[in-house]
Structure formats: structure tokens, C-alpha cells
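Predicted model, so just to flag it, every value in this text is computed and none were measured.
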Amino acid sequence: MRRPLQRPHGQGAGFLWDLLTFEKMLTGSVVHLVYWAGLGIIGIIAFGVLGASVGVAVRESNIFLGLLLALGILGVGLLGVGVGVLLWRAFCEFYVTIFKISEDLHVLRTDVEAERARQAGGPPTA
């Protein structure tokens with residue numbers, strides 16, 4: 001296993017070092033913003049489905065047929081939006097899980113390195 005690079009000391013140097021060496025991942029917090037943005041887009045699609053169903057109902061000359069078509073379009077469209085929300089949630093949860101596993105592996109690695117340093121009789125590494 002490779003030896004980690006030496007971490008710089010000083011105000012703000014640790015944070016920048018963590019970002020440049022991928023010791024701290026930004027993606028975990030960015031995924032939450034992406035998730036809400038995706039839900040906003042799915043909400044806009046839901047309003048589009050609603051507008052399409054109203055447009056079909058208004059455009060049809062036969063009122064009964066127009067309402068029947070509009071209800072069909074609305075039902076299928078909202079079902080598709082519901083599936084889209086579930087798939088988007090699963091997609092974002094997958095990425096959050098991957099980054100949580102990465103953080104856990106980092107903690108395990110530092111624990112193992114500290115244990116090896118204690119067994120060797122040297123000072124623990126941080």
C-alpha cells in the first residue's frame with residue numbers, strides 16, 4: 001500500500017489539501033442539490049402532463065371523448081412522473097451510498113494505519 005502524502009499545515013491549507021487529494025469528497029453534498037434540481041424538473045414535467053391533458057380535453061369536439069382521452073393522458077402521464085421520481089431517488093441514493101462507502105473505507109484505512117504504528121512502537125499517524 002502506498003504511503004499517503006504529507007498533509008500541509010496552516011490556516012485553510014488542510015481543507016484545500018483534502019479537496020485536491022480527494023480525501024474529502026464534495027459530491028456527497030452536491031448530490032443533494034442535484035436531487036432537488038431533478039425533482040424540480042420532474043415537477044415541471046408533471047405540470048406539462050397536466051397541461052397536455054387539459055389541451056386534449058379542450059381541443060376535442062366531443063366533450064365525453066375529450067374527457068376520456070384527457071383522463072387517460074393524465075393517468076399515464078402522472079404514473080410516468082411517479083416512476084420518474086422513484087428512479088431519480090434511487091439514482092441519487094446510489095451515489096450517496098457509494099460516497100458513504102468511500103468515507104467508511106477511508107476511516108478504516110486510517111484506523112489500520114494507526115494500529116500498525118502502535119504495534120511498531122512509533123507515534124500514531126493522523
Side-chain angles (χ1 to χ4, degrees):
M1 183 160 59
R2 68 175 176 85
R3 199 176 120 209
L5 299 172
Q6 293 297 321
R7 186 183 179 115
H9 301 289
Q11 187 176 8
F15 178 73
L16 184 62
W17 180 258
D18 286 345
L19 291 180
L20 292 176
T21 59
F22 294 100
E23 293 294 324
K24 178 171 174 43
M25 297 290 186
L26 284 176
T27 311
S29 56
V30 172
V31 167
H32 296 290
L33 296 174
V34 170
Y35 172 70
W36 285 106
L39 280 184
I41 291 170
I42 291 173
I44 291 170
I45 291 171
F47 281 115
V49 166
L50 182 65
S53 65
V54 169
V56 166
V58 170
R59 224 173 74 184
E60 192 63 39
S61 60
N62 186 351
I63 294 175
F64 179 72
L65 183 61
L67 287 176
L68 190 63
L69 285 173
L71 286 176
I73 290 172
L74 184 65
V76 169
L78 291 180
L79 183 66
V81 166
V83 168
V85 167
L86 290 175
L87 286 175
W88 183 245
R89 174 73 185 211
F91 177 77
C92 290
E93 281 183 3
F94 171 75
Y95 275 102
V96 168
T97 302
I98 293 298
F99 285 104
K100 292 292 183 183
I101 289 171
S102 172
E103 290 173 3
D104 291 344
L105 287 174
H106 177 71
V107 169
L108 286 174
R109 186 183 75 198
T110 56
D111 286 348
V112 166
E113 289 173 355
E115 182 64 29
R116 285 183 184 162
R118 268 184 294 212
Q119 287 176 356
T125 57

For Glu93, enumerate each residue passing the side chain to side chain donor-acceptor pair (under 3.5 Å) test, keeping only those at least two apart in sequence or located in another chain.
->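 Listed in chain order: Arg89.
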Following the transitive rule for hydrophobic clusters with a side-chain heavy-atom cut-off under 4.5 Å over Ile, Leu, Val, Met, Phe, Trp and Tyr, establish whether [X] and [Y] coincide in one cluster.
{"X": "Phe91", "Y": "Val34", "result": "yes"}
{"X": "Tyr95", "Y": "Ile41", "result": "yes"}
{"X": "Leu50", "Y": "Leu78", "result": "yes"}
{"X": "Val31", "Y": "Trp36", "result": "yes"}
{"X": "Ile42", "Y": "Ile73", "result": "no"}

Using the test side-chain contact (heavy atoms from CB on, under 4.5 Å), find all partners of Ala70 that sit at least two apart in sequence or belong to another chain.
->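 With sequence neighbours excluded, Ala70 shows a side-chain contact (heavy atoms from CB on, under 4.5 Å) to Ser53, Ala57, given in chain and number order.
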With Ile98, which residues qualify under side-chain contact (heavy atoms from CB on, under 4.5 Å), at least two apart?
->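 For Ile98 the side-chain contact (heavy atoms from CB on, under 4.5 Å) partners, ignoring immediate neighbours, are Phe94.
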Could you tell me whether Ile63 atom CD1 has more than 12 heavy atoms of other residues or ligands within 6.0 Å of it?
->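 Counting neighbours around CD1 of Ile63, 12 or fewer heavy atoms of other residues, nucleotides or ligands fall under 6.0 Å, so no.
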Is the closest basic N to carboxylate O distance between Glu113 and Arg116 below 4.0 Å?
->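 No, this pair does not count.
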Indicate the atoms forming the closest heavy-atom contact of Tyr35 with Trp88, along with that distance.
->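 Residues Tyr35 and Trp88, closest heavy atoms: O-NE1, 3.1 Å.
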Nearest 0.5 Å, what's the [atom1]-[atom2] distance between [X] and [Y]?
{"X": "Ile101", "Y": "Leu105", "atom1": "CD1", "atom2": "CG", "answer": "7.5 Å"}
{"X": "Asp104", "Y": "Phe99", "atom1": "CG", "atom2": "CZ", "answer": "13.5 Å"}
{"X": "Leu39", "Y": "Ile45", "atom1": "CG", "atom2": "CD1", "answer": "11.0 Å"}

